[in-house]
Amino acid sequence: MNKRLSAIFKGDKVIWMVFFFLCLVSIIEVFSASSSLTYKTGNYLSPMAKHIGILIIGIFLMLVTLNIKCRYFKLATPILLGVSIFTLLLVLFAGHSVNGAGRWLSFFGMQFQPSEIAKGTMVLATAQILSAMQTDHGADRHAFKYIIIVWCSIVPWIMVENLSTAALLSVVIFLMMIIGRVPARQLMKVVAAVAIVVVFAISSVMAFGDEKEAQDSQQAMTEAVARNGKTVQQKKHGGLLHRMGTWKARIYNFLDHKYVPPEKVDLDKDAQTSYANIAIASSGFIGKGPGNSEERDFLPQAFSDYIYAIIIEETGLLGAFLVAMLYIILLFRTGRIANRCENNFPAFLAMGLALLLVIQALFNMCVAVGIVPVTGQPLPLVSKGGTSSIINCIYIGVILSVSRTAKKNSDDGKDATPKTAGATIISMNGNDAQQPQQK
């Protein structure tokens with residue numbers, strides 16, 4: 001029996017345990033937080049059953065992915081780049097608008113977000129460039145140019161509709177370049193360019209964004225969700241910069257630190273942040289218990305963007321800490337796997353995907369507790385979702401594939417010098433790790 005299980009659940013066992021714990025948390029909390037979806041029909045099992053079905057599909061694709069050897073992922077890079085660019089352009093002109101953002105495409109009756117595929121594609125392409133251009137002294141200076149070319153072909157199209165996803169992906173790529181030992185001078189140029197772009201972008205949003213229109217639209221969508229028990233969807237969205245009003249409203253709400261007495265809080269205008277704060281403030285150390293959330297009935301997107309607030313309300317600070325630790329364990333365990341890879345490509349790929357999952361989780365948690373502005377990022381592997389849940393399972397499958405095929409450098413007890421790109425995770429300046437030219 002143990003041999004049969006080992007034959008199915010290949011790869012790092014710690015990664016598997018983290019994945020199953022996150023899935024368990026997801027099923028419980030999605031069932032608890034989906035009250036708005038079941039209010040009209042009275043079918044309380046339907047959202048959970050649908051979510052479990054999506055997870056089963058994700059786990060199946062994860063099992064398929066972990067049995068693929070890492071070198072075959074390289075062959076998929078050109079195809080995925082073409083698909084990502086085509087679908088990102090297509091969604092701008094023929095995408096469905098959900099909650100005011102045109103991010104969805106329909107394919108044979110199924111909806112998916114092209115940005116979810118593009119994120120993994122960007123990490124895959126960056127890992128391949130960094131691995132192919134590694135030298136004994138770090139990445140060749142031309143690697144930076146090729147990464148920027150790929151970035152310019154993908155990220156700006158994501159940025160038009162989903163600024164937070166574009167920012168998240170850019171942070172991950174920047175961290176991958178640090179791990180890949182891209183020359184510091186080139187990295188500093190990136191920092192300077194980003195600072196200029198951020199100042200220009202914020203100035204443009206504050207100057208041209210229509211905050212009142214965005215707030216009216218958000219209030220209308222919140223009321224529609226309360227009435228219908230589902231998200232609001234239109235066929236098309238208007239204009240490339242129609243999200244400016246939403247961005248401006250979020251910036252204003254985040255920067256407004258004026259104390260407002262509880263009796264004067266406008267729960268219709270600031271429903272998300274207000275009910276999330278109530279959920280967190282009423283949680284205590286151990287929470288109200290699974291299934292006993294009260295704010296799930298009022299908090300928009302309680303089962304998705306704000307599921308961490310429901311986790312805190314039901315499991316308290318203890319449960320919130322344990323969920324956060326699962327993501328930290330995932331990151332550090334992937335770091336250990338990457339550190340024993342003999343080749344550069346699997347090390348960079350595994351670390352890039354782990355960073356993508358963990359940083360998105362941190363974004364979501366910070367939004368729930370009010371540390372950063374509202375971003376609309378779901379909690380990976382926990383929030384209710386379709387495309388994102390399946391794609392995140394595939395990301396875990398890639399990490400497990402790397403863990404299954406990674407060759408150990410020094411586990412045999414000999415005094416061996418690390419040869420891998422993964423060694424840069426420990427020795428970021430390259431003085432302690434010598435790496436061969438990737439072939």
Side-chain angles (χ1 to χ4, degrees), residues 70-92 103 105 112-135 138-194 196-198 201 338 343-357 359-360 391-392 394-395 398-399 402 421 424 437-439:
C70 288
R71 63 175 177 268
Y72 293 116
F73 293 133
K74 294 182 179 181
L75 301 178
T77 303
I79 300 173
L80 289 175
L81 280 173
V83 170
S84 297
I85 295 171
F86 174 75
T87 54
L88 286 172
L89 291 174
L90 184 62
V91 79
L92 294 179
R103 305 171 186 173
L105 285 176
F112 72 98
Q113 289 179 287
S115 60
E116 293 295 330
I117 301 174
K119 288 192 298 184
T121 301
M122 185 72 209
V123 171
L124 179 62
T126 302
Q128 191 164 344
I129 292 170
L130 289 172
S131 65
M133 306 192 73
Q134 281 292 306
T135 68
D140 186 274
R141 62 185 183 87
H142 295 294
F144 176 80
K145 177 179 67 175
Y146 295 127
I147 292 174
I148 294 299
I149 291 174
V150 177
W151 184 93
C152 290
S153 65
I154 290 179
V155 176
W157 308 117
I158 300 176
M159 191 178 300
V160 171
E161 283 300 334
N162 199 333
L163 183 61
S164 60
T165 297
L168 164 70
L169 182 57
S170 299
V171 170
V172 171
I173 299 305
F174 184 77
L175 293 176
M176 288 183 68
M177 288 194 290
I178 294 177
I179 294 173
R181 297 190 299 164
V182 170
R185 181 177 297 179
Q186 293 178 325
L187 295 177
M188 292 306 298
K189 290 181 180 178
V190 171
V191 174
V194 168
I196 295 173
V197 170
V198 168
N343 298 317
N344 297 314
F345 174 69
F348 290 137
L349 179 59
M351 281 305 302
L353 294 177
L355 286 168
L356 189 62
L357 292 171
I359 292 177
Q360 180 175 330
I391 296 297
N392 288 334
I394 293 175
Y395 292 163
V398 174
I399 295 173
V402 173
T424 59
Q437 176 73 32
Q438 176 75 11
K439 296 182 180 180

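Each residue takes its place number in the sequence, starting with 1.
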Visitor: Flag the pair Ile129 / Phe144 as yes when at least one side-chain heavy-atom distance between them is below 4.5 Å, and no otherwise.
Guide: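 With C-beta onward as the side chain, the pair stays apart.
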
Visitor: Please enumerate all residues that pass side-chain hydrogen bond (donor to acceptor under 3.5 Å, both in side chains) together with Trp151, with sequence neighbours excluded.
Guide: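 Trp151 satisfies side-chain hydrogen bond (donor to acceptor under 3.5 Å, both in side chains) with Ser170 once adjacent residues are dropped.
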
Visitor: Working note: Val171 + Leu355, criterion side-chain contact (heavy atoms from CB on, under 4.5 Å); need CA distance, chi angles, decisive distance, verdict.
Guide: CA-CA 9 Å; Val171 170; Leu355 286 168; over 6 Å; no

Visitor: Please examine the side chains of Val191 and Val194, heavy atoms only from C-beta on, and report whether any two atoms are closer than 4.5 Å.
Guide: no

Visitor: Any salt bridge (Lys or Arg N to Asp or Glu O under 4.0 Å) involving residues 117-129? Give me the pairs, sequence neighbours left out, ordered by first then second residue.
Guide: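 Sorted result for residues 117-129: Glu116-Lys119.
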
Visitor: What pairs with Ala167 under side-chain contact (heavy atoms from CB on, under 4.5 Å), at least two apart in sequence or on another chain?
Guide: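 Ala167 satisfies side-chain contact (heavy atoms from CB on, under 4.5 Å) with no residue once adjacent residues are dropped.
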
Visitor: Filter on salt bridge (Lys or Arg N to Asp or Glu O under 4.0 Å), then keep only pairs touching residues 76-92, sequence neighbours left out; what's left?
Guide: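 Of all non-adjacent pairs touching residues 76-92, none passes salt bridge (Lys or Arg N to Asp or Glu O under 4.0 Å).
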
Visitor: May I have all residue pairs that pass side-chain hydrogen bond (donor to acceptor under 3.5 Å, both in side chains) and include part of residues 77-92, sequence neighbours excluded?
Guide: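 Of all non-adjacent pairs touching residues 77-92, those that pass side-chain hydrogen bond (donor to acceptor under 3.5 Å, both in side chains) are Thr77-Gln128, Ser84-Thr121.
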
Visitor: About how many Å separate OH of Tyr395 and CG of Leu349, when rounded to the nearest 0.5 Å?
Guide: 10.5 Å

Visitor: Side-chain contact, heavy-atom cut-off 4.5 Å: Leu357 with Leu353?
Guide: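 Answer no - side chains too far apart.
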
Visitor: Using every non-hydrogen atom in the two residues, find where Val402 and Cys70 come nearest and quote the distance to one decimal.
Guide: CG2-SG, 3.5 Å

Visitor: Looking only at non-hydrogen atoms, find the nearest pair between Ala166 and Ile158 and report the distance.
Guide: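 That would be N-CG2, 3.9 Å.
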
Visitor: If I take atom CZ from residue Arg181 and atom CD1 from residue Ile179, how far apart are they, to the nearest 0.5 angstrom?
Guide: 12.0 Å

Visitor: Could you give the distance from CD1 (Ile148) to CD (Gln186), rounded to the nearest 0.5 Å?
Guide: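 One gets 9.0 Å once the value is rounded to the nearest 0.5 Å.
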
Visitor: Would Ile173 and Val155 count as a side-chain contact (heavy atoms from CB on, under 4.5 Å) if you check the C-alpha gap in whole Å, the side-chain angles of each, and the deciding distance to 0.1 Å?
Guide: CA-CA 11 Å; Ile173 299 305; Val155 176; over 6 Å; no

Visitor: Compare every heavy atom of Gly120 with every heavy atom of Leu356, then report the nearest pair and how far apart it is.
Guide: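 Nearest pair, atom of Leu356 first, then Gly120: CD2-N, 4.5 Å.
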
Visitor: So among Ile147, Leu169, Leu187, which one has a side chain to side chain contact (heavy atoms under 4.5 Å, CB included) with Phe174?
Guide: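 Exactly one option meets the side chain to side chain contact (heavy atoms under 4.5 Å, CB included) with Phe174, and it is Leu187.
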
Visitor: Side-chain contact, heavy-atom cut-off 4.5 Å: Leu89 with Trp157?
Guide: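 Answer yes - side chains close enough.
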
Visitor: Run the side-chain contact (heavy atoms from CB on, under 4.5 Å) test against Ala139 and tell me which residues pass, sequence neighbours left out.
Guide: Leu130, Gln134, Ala143, Val182

Visitor: Does some side-chain heavy atom of Leu88 sit less than 4.5 Å from a side-chain heavy atom of Ile117?
Guide: no

Visitor: Quick one: side-chain hydrogen bond (donor to acceptor under 3.5 Å, both in side chains) partners of Ser153, sequence neighbours excluded?
Guide: none

Visitor: Once rounded to the nearest 0.5 Å, what's the spacing between atom CE of Met176 and atom OG1 of Thr126?
Guide: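 Here the rounded value is 5.0 Å.
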
Visitor: To check you understand the geometry: which heavy-atom pair defines the closest contact between Ile399 and Ala354, and what is its length?
Guide: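 Nearest heavy atoms, Ile399 then Ala354: CD1-N, 4.0 Å.
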
Visitor: Please identify each residue that fulfils side-chain contact (heavy atoms from CB on, under 4.5 Å) with Lys145, with sequence neighbours left out.
Guide: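 With neighbours one apart ignored, the set is His142, Ile149.
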
Visitor: Could you pull out all residues at least two apart from Thr165 that satisfy side-chain hydrogen bond (donor to acceptor under 3.5 Å, both in side chains)?
Guide: Asn162, Gln377

Visitor: Is the backbone of Leu168 close enough, under 3.5 Å, to the side chain of Gln360 for a donor and an acceptor to pair up by distance?
Guide: no

